[in-house]
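Small disclaimer: the values here were computed from a predicted structure and weren't measured. Chain naming here is simple, since letters A, B, ... match the order of the sequence lines and numbering starts at 1 in each.
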Amino acid sequence: MSIAIKSNIKESLQRAFGVVLEMPWESVDPVVKKSQSPEHGDFQANGAMGLGKRNKLSPIDLAKRVLEVVDWGGVVDSAKVAGPGFINIKITNEAIIEQLDEMSLGDLGVEPDPDSHPVVIDLCGVNVAKQLHVGHLRSTIIGDTLARLHERFGRRVFRENHLGDWGLPIAMVLERLLSQNINLDTLSLDELNVAYKEAQLQARDDVRGLRSAEKLQSGPHRFVELEEQNSGAIDAQGKAKLVLNALQHGDSDLLNGWQKLIDCTMKSVFESLDLLHVKIGPEHSRGESFYGDLLGGVVSEFQENGLAEEDGGAIVIRFKNRERPMLIKKSDGGFLYATTDLAAIRFRTQELCADTVIYVVDARQRDHFKDLFDAARLIGWDKTPDGKDVDLVHIPFGSVLGDDKKPLKTRSGSNVTLQSLLEEAIKKGTDEVIKRSQNPKSPTHNMDEDALSAIGRQIGIGAIKYADLSSDLVRDYVFDMDRMVAFEGNTGPYIQYAAARISSLLQKGGGKQKEAPFVLGEPQERLLALQLLQYDSVLVDTVKNLEPHRLCTWLFELTEMFSSFYQSCPVLKADNPILINSRLRIAELTGRVITDGLDVLGIETPEQM
RNA sequence: GCGCGUGUAGCUCAAUUGGAUAGAGCAUCGGCCUUCGAAGCCGAGGGUUGGGGGUUCGAGUCCCUCCACGCGUGCCA
């Protein structure tokens, strides 16, 4: 793969630097990178500058001497010293073709990760009794993409949907529904949600508390349920606490009702998740209730190890380098959200034995996860039972904003439900597909309505997901449906479109060209080939940094290069059969890579659109 | 107050982790459908990278400082 070419170049240079500098070659880093622009060759080595300075040599002289002794092993066409000591390297077409061949015959150059420990990804974060809204969008699709990315390398992944399914808020809504004699079997999520809000209001006695609660935006449960924060409403809360207490002691009637609330919520949630084309189902639900019985043990484990202390009746964990402690037990004996997360991190690292635990949660939870991870390190849950170090990672993504640059809301000020958002995107996608199918020259011309709307869904959803994943995750972004579904430029549909053109081309061209020799005559062919060879290293780079936008940017570049190639290099109408077959095979490989890459992003690739 | 984050073209965003002339997409302007899908291609203009200092062969990137905005900050989740 490109890795092979790049690592060959790197090793050749290491040995050459080693000879010139009279030092062990393994310790030399020639800093080999892909060149930014073709005029600087295919690869460049920047190591001569730093090495020259450290060894009191002129970087340019050093680079020149290195080039005098280097043995490239046949992959390099030319190498020149430029500027202050860059080495610009152009590789031979033969080397590109050889790697391309290998990539095409194998698994696109992707090498499996041998790590057998599972990866845990905490994502989605549904709250029982609430619809999914735009706040859940990012956690869900980023998390699913990171899961797919690891799975692409053969890793085992646990998608953990850490449901907000336990605690006082749930007890409150259950208490209210029961006291109103509402039939839980026929309950809709809308009704449940209304009851939830009413229960919140009932439990709140001061207007200021209500206002401040309304100002809070929505998102995954772990940072949104502050609506409970209030000082009064003793009565309603008192009743709810009785219900909670009975629940915790296993009252079977109440547990039965509680389960119905969950079923009601999740039925609707899974409909939305299905539309979103993410692999999250009932088997991924492991909510707060799962950890309910473990909380007391977690607290005492910290206490027994001298890592937690009593303070004003509460139990806190203190950290050396900061004032803020982590509260893990309230003075009234209750446990907190942090306690549940500690139980979860223990389960994930000690029971599931994951060596990577990734929390895809809003950036506002930074402090919480810093505390959580430090606490886990204090007690040793940063190692698996078999002694492997665990990567504990928080992916702090930014908020979704409306065009007023404030957290996205409807005109009436309520939260935008995910379902309505998805439906709008699907409608736009479908309208566009139908419009284009009117054209008799379009391959979609004779398709029936169902087929067209299936494609419209893939396009609309793809547009939303690509828009979300294609920029740096930590930044807030403005949700602009029109821009996302504009389908031009750096968008999901632009990439899908290229793949659709490729499948048409292959259909007309009579199928795949498995063994056809590659010919790289035109510059567009060469550029496309070099880009294709980077697929594996881009995936590695993306998973290493957990930054899906790297893959997006690369796929967009690949698509641009293909479009440019396709414009200037006739395929089926090329001069001779060798060229035709070569270009068909390049197109086919490009199509496979686009489909594979989009799949990692959780985006479908329609055959026609 | 303290902590964290963000600031790049009119707008939305990149920048291979310190590399060469800061790149794309929208929008604007100009070309290309009588050859494989124009959701496309080719080209043009557009920048004091929030300001100021510093580190070095080299800084959007690292350090200091100031500014603007956002978020968080002990018994909520």
Inset, instruction - Sugar-phosphate means primed atoms, P, OP1 and OP2; the rest is base. With that split, encode nucleotides 22-34 of chain B 5' to 3' as B, S or - using protein heavy atoms under 4.0 Å. - result: --SSS--------

Inset, instruction - Tell me whether A/His40 is stacked on the nucleobase of B/rA20, counting only the six-membered base ring and applying the 5.5 Å and 30° thresholds. - result: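 It does: the ring sits over the base of B/rA20.
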
Inset, instruction - Using the six-membered ring for Trp and the full ring for Phe, Tyr or His, decide whether A/Tyr566 stacks on the six-membered base ring of B/rC36 (centres under 5.5 Å, planes under 30°). - result: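 Here the ring of A/Tyr566 and the base of B/rC36 are stacked, with centres under 5.5 Å and planes under 30°.
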
Separation of [N] [atom2] from [X] [atom1] (nearest whole Å):
{"X": "A/Lys406", "N": "B/rC69", "atom1": "NZ", "atom2": "C1'", "value": "13 Å"}
{"X": "A/Tyr466", "N": "B/rC13", "atom1": "OH", "atom2": "C1'", "value": "11 Å"}
{"X": "A/Arg501", "N": "B/rU35", "atom1": "CZ", "atom2": "P", "value": "15 Å"}
{"X": "A/Leu551", "N": "B/rA15", "atom1": "CG", "atom2": "P", "value": "13 Å"}

Return no unless some side-chain N or O of [X] is found under 4.0 Å from OP1 or OP2 of [N].
{"X": "A/His368", "N": "B/rU73", "value": "no"}
{"X": "A/Tyr497", "N": "B/rA39", "value": "yes"}
{"X": "A/Lys330", "N": "B/rC76", "value": "yes"}
{"X": "A/Lys34", "N": "B/rA15", "value": "no"}
{"X": "A/Lys33", "N": "B/rU17", "value": "yes"}
{"X": "A/Arg475", "N": "B/rA14", "value": "yes"}
{"X": "A/Thr340", "N": "B/rA77", "value": "no"}
{"X": "A/Arg583", "N": "B/rC36", "value": "no"}

Interatomic distance at [atom1], [N] relative to [M], whole Å:
{"N": "B/rC26", "M": "B/rG58", "atom1": "C1'", "result": "33 Å"}
{"N": "B/rG3", "M": "B/rG50", "atom1": "P", "result": "22 Å"}
{"N": "B/rA44", "M": "B/rU55", "atom1": "C1'", "result": "40 Å"}

Inset, instruction - Check every atom of B/rG37, B/rC13, B/rA77 against the side chain of A/Tyr337 and return the nucleotide holding the closest atom. - result: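 Output: B/rA77.
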
Inset, instruction - Based on the glycosidic angle (syn within 90° of 0, else anti), state the conformation of B/rC33. - result: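 Here B/rC33 takes the syn form, which means its glycosidic angle is within 90° of 0.
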
Inset, instruction - Quick one: classify the glycosidic conformation of B/rU17 as syn or anti, with syn meaning within 90° of 0. - result: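 Syn, angle within 90° of zero.
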
Inset, instruction - Decide salt bridge (charged side-chain N to carboxylate O under 4.0 Å, His left out) for A/Glu547 and A/Arg550; before the verdict, give the C-alpha distance in whole Å, the side-chain angles of both, and the deciding distance to 0.1 Å. - result: CA-CA 6 Å; A/Glu547 290 179 349; A/Arg550 291 170 185 269; 2.7 Å; yes

What's [X] touching, base or sugar-phosphate or nothing? Going by heavy atoms closer than 4.0 Å.
{"X": "A/Ile315", "answer": "nothing"}
{"X": "A/Lys405", "answer": "sugar-phosphate"}
{"X": "A/Val316", "answer": "base"}
{"X": "A/Gln608", "answer": "base"}
{"X": "A/Ala338", "answer": "nothing"}

Would you say the side chain of [X] and the base of [N] hold a donor-acceptor pair, judged only by whether the two atoms sit under 3.5 Å apart?
{"X": "A/Asp311", "N": "B/rG74", "answer": "yes"}
{"X": "A/Asn88", "N": "B/rA20", "answer": "yes"}
{"X": "A/Arg550", "N": "B/rU17", "answer": "yes"}
{"X": "A/Ser563", "N": "B/rG40", "answer": "no"}
{"X": "A/Glu432", "N": "B/rA39", "answer": "no"}
{"X": "A/Asn545", "N": "B/rU17", "answer": "yes"}

Legend entry - Aromatic ring proximity A/Tyr497/A/Phe487, centre distance under 6.0 Å: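 Here the rings of A/Phe487 and A/Tyr497 have centres that are no less than 6.0 Å from each other.
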
Inset, instruction - Report the residue (A/Val478 or A/Ser503) whose heavy-atom-nearest nucleotide on RNA chain B is the more 5′ of the two. - result: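 In this pair, the answer is A/Val478.
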
Inset, instruction - State, without any angle test, whether A/Gln458 and A/Gln496 hold a side-chain donor-acceptor pair at a distance under 3.5 Å. - result: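 Side chains of A/Gln458 and A/Gln496: no pair found under 3.5 Å.
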
Legend entry - A/Thr340 and A/Glu288: side chain donor to acceptor below 3.5 Å: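 Result is no, nothing qualifies.
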
Inset, instruction - Salt-bridge test for A/Asp374 and A/Lys370: reply yes if a basic N is under 4.0 Å from a carboxylate O, no otherwise. - result: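 No.
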
Legend entry - Electrostatic pair A/Glu432:A/Arg436 at N-O distance under 4.0 angstrom: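 Yes, A/Glu432 and A/Arg436 are salt-bridged.
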
Inset, instruction - Indicate the ring-plane relationship of A/Tyr566 and A/Phe562, choosing parallel, tilted or perpendicular according to the 30° and 60° boundaries. - result: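 Parallel: the ring planes of A/Tyr566 and A/Phe562 meet at under 30°.
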
Legend entry - Neighbour count >12 (heavy atoms, 6.0 Å) for atom CD, A/Gln438: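 For A/Gln438, atom CD is crowded (more than 12 foreign heavy atoms under 6.0 Å).
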
Inset, instruction - Report the C-alpha separation of A/Asp476 and A/Lys405 in whole Å, then their side-chain angles, then the decisive distance to 0.1 Å, and conclude whether the salt bridge (charged side-chain N to carboxylate O under 4.0 Å, His left out) test is met. - result: CA-CA 9 Å; A/Asp476 296 348; A/Lys405 300 285 179 92; over 6 Å; no

Inset, instruction - Sort out for me which residue in A/Ile317, A/Leu295, A/Val299, A/Asp371 forms a side chain to side chain contact (heavy atoms under 4.5 Å, CB included) with A/Leu342. - result: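 That would be A/Ile317.
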
Legend entry - For the student: nearest non-hydrogen atoms of A/Leu336 and A/Ile328, plus distance: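 Nearest pair, atom of A/Leu336 first, then A/Ile328: CD1-C, 3.5 Å.
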
Inset, instruction - Starting from Watson-Crick (N1-N3 plus N6-O4 or O6-N4) and G-U wobble pairs under 3.5 Å, report the runs of at least three that RNA chain B belongs to. - result: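 The stems that RNA chain B takes part in, listed by first number, are B:1-7 with B:67-73, B:10-13 with B:23-26, B:28-32 with B:40-44, B:50-54 with B:62-66.
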
Legend entry - Side chain to side chain, A/Asp468 and A/Arg138, heavy atoms closer than 4.5 Å: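 Sidechains of A/Arg138 and A/Asp468: in contact.
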
